[in-house]
Structures are given as structure tokens and as C-alpha cells.
Amino acid sequence: MNDDDRRFSEGTYKIIGRPLDRVDGRLKVTGTARYAAEFSVPHLCHAVMVQSTVSSGRIASIDVGEAERSPGVLLVLTHQNAPQLPQKGRAAVNPPAGRVMSLLQDDVVNYNGQPIAVVVADTFERATAAAARVRVSYTPQPGALDFAAAKSNPHPPASKGPTPHEASWGDFAAGLSAAEVRIDAVYTTPMEHHNPMEPHATIASWDGDQLLLYDATQYVSGVRATVAKTLGIPHEKVRVVDPFVGGGFGCKGSTWSHVLLAAMASRKIERPVKLVLARPQMFGPVGGRPQTEQHIVLGAKRDGTLTAVRHDVISHTSTLEDFTEPSSAPTRMMYACANGTTSHRLASLNVGVPTFQRAPGLATGTFALEVAMDELAYALSLDPLELRLRNYAMNEPHSGKPFSSNYLRECYRDAAERFGWARRNPAPRSMQNGRYLVGWGLATATYPAHAQPAAAMATLLPDGSAIVQSGTQDLGTGTYTTMTQIAAETLGVPVEKVRFELGDTSLPPAPVSGGSMTSASVGPAVLSACDMLREKVIELVVRDEKSPLHGSTPAQVAVENGVIVSTIEPQRREELSAFLSRRGTTPLVSSAEAMPGPEMERYAAHSYGAVFAEVLVDPDLGIIRVPRIVATYDVGRRLNAKTAMSQLRGGIVWGVSLALLEHSILDQRNGRIVNSNLAEYHVPVNADIGELDVAFIDQPDNRFTALGARGIGEIGITGVAGALCNAVYHATGKRIRDLPITLDTLI
Ligand code: MOS
């Protein structure tokens with residue numbers, strides 16, 4: 001155990017974990033935080049994307065004359081005049097990160113809403129007006145739009161190596177025949193779209209052969225790599241900048257067509273081009289959560305012991321590319337069961353390519369598995385919490401690996417007590433509040449812990465302030481704040497003296513801000529760079545004859561709150577700034593790279609939670625209200641108690657949304673999303689959300705990272721739909737297996 005591990009496990013951190021207000025909060029509430037579309041660039045012009053209006057076929061003719069003659073128009077880019085890209089624009093395709101884009105390389109239409117032209121004008125309004133004047137005729141073909149038809153001819157996901165979705169352990173058939181009670185049911189979740197508040201937006205600006213992109217993204221390095229490869233130019237020629245992101249949730253994890261189209265248009269007219277997607281354009285060309293159909297079979301003994309578990313998933317993908325929503329993931333790691341099998345098949349539709357959407361697989365998969373477990377509990381007349389405890393996994397069931405850390409049992413106990421679960425009458429329709437039916441349900445939440453290599457650089461300036469940098473992103477999750485805390489703690493300087501910089505490919509590289517991995521990837525890099533820098537200060541100060549610390553042993557010198565101090569003779573001390581300014585104007589710099597250690601291969605690392613939900617159902621109208629949700633999470637160490645709470649609350653809100661509201665409706669005639677706007681694509685408003693009572697176990701996972709943090713961005717959405725669905729059953733006696741649960745399904 002090194003010093004850092006010890007300090008963490010002893011809980012002696014002073015700044016990490018504190019509920020520090022967001023360091024970028026003031027910038028955001030005063031409107032001075034600058035998002036991708038808000039950078040001012042001289043001679044900027046404005047692009048508007050024209051989209052196909054059929055779901056499949058070819059462009060028979062495209063008449064751009066009227067558009068080109070419209071006032072202010074500088075360019076109408078179509079497949080007829082677009083620059084030919086290497087490999088027809090597919091040079092960067094490398095699933096799952098490098099997506100198949102629509103870059104005007106041919107006349108083929110794969111989905112309704114596919115970009116087929118870009119109109120650039122001197123103002124946004126003129127570009128919009130001209131875009132409406134592009135006349136297109138098609139040779140349409142019948143598109144595949146019916147999931148029910150497409151799933152009758154499914155295919156396994158394209159994959160270079162063994163896919164984790166196909167897994168078997170023990171002997172499922174034998175386990176099922178040994179079962180005394182069986183559940184066999186199909187659960188479905190709909191097509192959804194992310195809809196972060198900030199739409200996708202790109203400003204592309206060429207200076208000779210150098211491309212600068214301001215882009216709304218979760219992954220500046222990924223955009224750089226994808227754009228460089230697709231255009232066939234060296235990586236160094238592309239810089240991507242994005243200091244603030246107005247929500248990502250997965251759709252900004254990949255580089256989509258509009259980014260390249262902006263760069264192509266800008267190069268052609270030799271002026272900077274801004275392309276901002278309109279809200280309806282967020283439904284198709286930039287991903288979404290695929291529709292799933294999940295078949296679950298559970299077998300158990302009378303005492304509740306699981307003997308067999310099966311989870312077969314079919315999800316939709318696009319005819320353009322395979323994307324897999326890994327919904328069977330929780331079944332491989334959640335409950336102790338000796339015999340299991342999971343599989344995945346894809347059904348291709350003529351729609352935009354689906355993608356990662358908050359807790360991909362786990363959001364949808366915990367719904368199906370946790371409702372199936374509730375059904376099993378009722379079939380056994382066993383309390384659903386007791387059923388879960390009887391099948392509590394001590395090792396990861398599928399792999400047999402030990403967990404790096406697992407406090408799920410404590411989550412169940414804590415949340416059940418705060419919720420008052422013991423007072424529940426298990427019989428459906430047995431609890432009432434006035435004229436409303438009351439339902440109480442529970443489910444387990446989970447999300448895997450991920451980490452990838454990341455780099456960081458720390459600089460101490462002569463005034464004692466620090467600049468710490470990493471090319472990561474802050475999606476609104478709090479990266480600026482948590483990394484500032486790690487840096488301040490490690491350097492021994494006050495939080496106000498640290499400036500953390502991110503969102504720029506000119507900074508040390510960091511992974512995608514996805515997979516809930518930023519804390520566990522960038523955190524260790526920041527920690528390490530700052531650790532080395534503090535050591536450097538100490539080594540120099542003990543050799544500095546002008547310092548009161550001269551001659552001290554480095555191990556007996558600390559930096560605390562901006563003061564260098566001897567730990568054995570505390571009167572020997574000096575301000576960090578006094579020492580640094582004596583050195584002149586040269587800053588002190590350290591860089592570090594961190595990567596997950598090989599020892600992690602020995603462990604299965606996941607976060608957990610227990611979610612208890614109450615619903616009130618109007619017996620006549622079927623209206624469902626959610627007065628309270630009580631949940632307790634084991635997410636390892638929290639880096640900031642306040643931003644952690646916000647992440648979990650926000651995730652739960654989205655879980656309510658998944659359970660009761662969201663649904664992208666695909667028009668079966670033409671492949672359009674019918675409700676492609678925020679009036680008809682329903683997400684919760686404040687009045688839809690009751691009390692959210694969230695607690696944490698706060699046990700650091702020091703096997704996963706020295707920081708003990710596992711990442712918390714996605715777990716909040718998981719489990720919620722299962723808990724609500726189970727609560728609706730308890731209230732009404734109606735088992736709904738299809739999301740969203742809308743009032744019409746209850747009357
Ligand atoms: Mo998240 S869906 O991995 O951005």
C-alpha cells in the first residue's frame with residue numbers, strides 16, 4: 001500500500017470528496033461558459049443540412065438551381081459536387097467507435113433523415129430558406145421499418161473477436177429441468193433518442209491545411225482521429241476544441257456526419273462554417289437507443305435458489321452498420337446461478353445508426369431481468385428482496401471472478417430501511433392512499449467499472465497557483481470540479497489556486513467521456529502528475545539554501561494549503577509562492593500517464609445500487625405518479641459529494657423517463673420519427689418527479705483505482721424502470737412488460 005492508498009483508505013482526504021460547488025458554476029449561470037456553437041470566428045458562415053424524405057432507395061435527381069440562386073448562398077454541397085473522400089468516406093470506420101457516416105459520396109439513401117445536401121449561406125436564416133429550395137426526387141425502394149418483420153430474420157452482431165453477448169456457463173438445460181418454478185417472458189423497450197439540451201454543433205475552420213474544429217463532443221481525441229482519417233490528412237493537422245458540453249449521454253461519443261460535412265464545406269468555400277443541428281435533426285443522424293426485445297427464462301427451486309437463467313436479446317440496428325445494445329450484461333454478473341446462457345441478435349432497419357445511450361445495455365437489461373425476478377418472487381410467494389438475497393452473488397456468476405469490491409447487500413439493507421419496505425403488504429392492489437392504488441417495487445441497479453489510459457500535465461506558476469490539464473471533457477458531470485479537487489489535494493494548494501483545463505486535443509490525451517470512466521481514467525493521471533510535481537517541489541526546496549526547509553529530509557516535508565512545511569519541525573515552513581517566485585519565472589511542470597493495471601484482470605468490477613419506488617395509480621384513469629424513490633448506491637469513493645448526488649438524481653430522473661415516458665415513434669409508411677421534437681417526445685418535467693432520496697455506501701474500491709472511485713455517470717438510470725414496473729404491478733395487479741408504461745396500458 002503506497003501513501004496515497006493509505007491516505008484514501010484511512011479517509012484522511014481533506015478536499016477530495018467534499019461537496020465543493022462546481023468550479024465552472026458561475027460561468028454557466030452567467031452565460032459566459034462557451035459551448036461549441038458559440039465561438040466567434042471571423043467570416044463565419046452558416047450551414048444547414050438537407051435530409052432525405054424517403055427511408056430507402058436512390059436519389060434520382062437533385063435540383064439545386066433555385067437554392068444556389070437564393071440570397072446569400074455560398075455553396076450547395078451534394079453527392080454531385082462533394083469532394084471524393086478516401087474509401088468513399090469509410091476510412092475511419094472501426095466499430096464501435098468509428099461510425100458509418102453519410103458524407104455525400106453516392107446517391108444511396110439508407111434512412112429517412114439521412115444527410116443528402118448541405119447549404120451554406122452568409123446567415124443562418126438564408127441558409128435555412130435556401131435549404132428548403134433544394135428539389136429532390138427519389139427512386140424509392142421499400143424500406144425495412146417493421147421491427148416485428150425484421151426480427152424474424154435476425155443476424156449475429158458483426159464482431160472481430162468473440163462477442164461477450166454470447167455466453168454460456170454450467171448447463172442451462174439441466175438447470176432448467178431441475179427447476180421447480182419457471183418464469184418465461186418477453187420484455188420490450190422502445191427506440192429512444194438522447195436529446196441533450198445542447199444539440200450537436202460544429203464550427204469548422206481551415207487555416208491552410210490546418211483544421212480547427214469547435215465541436216460538441218464527448219471525445220475530442222476521437223473526433224480528431226475520425227476526421228483526420230476520413231479526410232486522409234495527418235492527425236496533427238486537426239485540432240478539436242470543446243471546453244463545455246451541454247449534455248452528451250452517449251450521442252456525442254461518436255463522430256457523426258455533420259462534423260465532416262462542416263469540414264468539407266468549409267474547405268470548399270475557404271471560409272469557416274458553423275453547422276448546428278435543429279432539434280428534429282437529433283432524431284436519426286446522431287444515434288439513439290435501439291429498440292429491444294428480451295426473452296428471459298428463469299428456473300428456481302421452491303426456496304428461491306436459481307437453477308437456470310437465460311437472456312436472449314434482439315435489438316434493432318441500421319442497415320448501415322451493426323450496433324449492439326448489450327442488454328444481457330446484468331444477467332451475466334448479477335445473481336448467483338450455476339447455469340446460464342445469453343445471446344444477442346440484430347434486426348436491421350432502414351433507420352439512422354443507433355448508439356450508446358446512458359447505461360447502454362444496463363438501462364434496458366436491468367428492466368427485463370429485474371421484472372423477471374419480481375415475477376419469480378410472486379410465483380414463489382417470496383418477498384422480492386429476500387429472493388435477491390437468497391441468490392446473492394459472491395463471485396461474478398459468468399466468469400467466476402471475485403469482485404473488486406461489492407456492497408450491494410448493504411445497499412439493499414440501507415435503502416429498504418429508509419423506504420420502509422418491511423411495512424409492505426405483498427398482495428397486489430392491497431395498499432391504497434385515498435382513491436389511489438399504491439404500489440411499492442424494488443430493483444437492483446448496476447453498471448460496470450471501466451478505465452482507459454489517460455494523460456495529464458500539472459504546472460506550478462511562480463505565484464503559487466497551478467494549471468492542470470488533460471484532454472478530457474466535462475459533459476456537465478463535474479469533471480472540472482472533481483479534477484480540481486484531486487489536483488488541489490495532491491499538490492497541497494487551495495482549490496481556488498487550481499485551474500483545470502480540458503476539452504482540447506492540444507492537451508495530453510484522454511479517453512472518451514463515456515462508459516462512466518472519466519473519474520477512474522483521468523483521475524489517476526491527474527493524481528500522478530500532481531504527485532510528481534509536489535515531490536519535485538520538495539526535492540528542490542530541501543536543497544534551496546534560502547529556504548527554512550533547507551537540509552530537511554524530503555520524506556519529512558509536506559505541502560499543505562499552499563505552505564511547504566516540515567512535518568517534524570512545523571516552525572520550519574514557507575509559502576509555496578515564496579519558494580516558487582525565488583526560482584524566477586520558470587514554471588515547474590510534471591506530466592504523467594495512467595493506465596489500468598493488469599491486476600484488474602483478476603477482478604470483476606461493477607457498481608451497484610438498490611432502488612425502491614412508490615407509485616400512485618389512478619384506478620379509473622391509469623395515471624401513474626411517482627411520489628418517491630429511495631435508492632442507495634455502492635459506487636466506490638465519491639470525488640465530490642454534491643456532483644455525485646446530482647449524477648445519481650439525474651440518472652434516476654432519466655430512469656423514470658425510460659419507464660413512463662420516452663418513445664420515438666417510427667412512421668411505418670416512410671421511416672420518419674413522428675415525434676421528433678420536445679413537445680411530443682416526452683421527458684419528465686419537475687412536476688413528474690417526486691422525492692428522490694439517494695444515499696451512498698462510500699466504500700472506496702482501492703483494487704480498481706488508488707483513488708477508490710469507480711465512476712457514477714450511468715448507474716443512476718439503471719434499475720429504476722424495473723422498480724417502477726414492479727411497483728405498478730403491486731399497485732394494480734397488471735404485469736406490464738413493455739416500456740414505456742403509459743396510462744392506456746392500465747385501463
Ligand atoms: Mo455513455 S452512453 O457511455 O456516453
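In listed order, ligands and their atoms are each counted from 1.
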Is there a polar contact between ligand 1 and Q218, counting only N or O atoms under 3.5 Å apart?
yes
Within 6.0 angstrom of R672 CZ, more than 12 heavy atoms from elsewhere:
no
Among all protein heavy atoms in this structure, tell me which lies nearest to atom 3 (O) of ligand 1, with the distance rounded to 0.1 Å.
G515 N, 2.6 Å
Does one side chain, of T188 or Q291, offer a donor that lies under 3.5 Å from an acceptor on the other?
no
In ligand 1, which numbered atoms sit nearer than 4.0 Å to a non-hydrogen atom of E714?
1 (Mo), 2 (S), 3 (O)
Between Y681 and E662, a side-chain donor and acceptor under 3.5 Å
yes
Please could you name the atoms of ligand 1 that Q357 approaches to less than 4.0 Å, counting only its heavy atoms?
2 (S)
Considering the heavy atoms of R358, write down every atom of ligand 1 situated less than 4.0 Å from one of them.
2 (S)
Does an N or O anywhere in F356 fall below 3.5 Å from an N or O of ligand 1?
no
Could you grab the distance from atom CG of L678 to atom CE of M197, nearest 0.5 Å is fine?
10.5 Å
Donor-acceptor pair, distance only, cut-off 3.5 Å: does the side chain of Q485 make one with the backbone of I16?
no
Between the side chains of D215 and T202, does any donor sit under 3.5 Å from an acceptor?
yes
P360 heavy atoms, cut-off 4.0 Å: which ligand 1 atoms fall inside?
2 (S)
Within the 4.0 Å heavy-atom shell around G514, which atoms of ligand 1 are there?
1 (Mo), 3 (O), 4 (O)
Mind checking whether G253 has a heavy atom under 4.0 Å from ligand 1?
no
List every atom of ligand 1 that sits less than 4.0 Å from any heavy atom of F249, numbering the atoms from 1 in the order shown and giving each element.
2 (S), 4 (O)
May I ask you to decide if the ring planes of F367 and Y187 are parallel, tilted or perpendicular, using 30° and 60° as cut-offs?
perpendicular
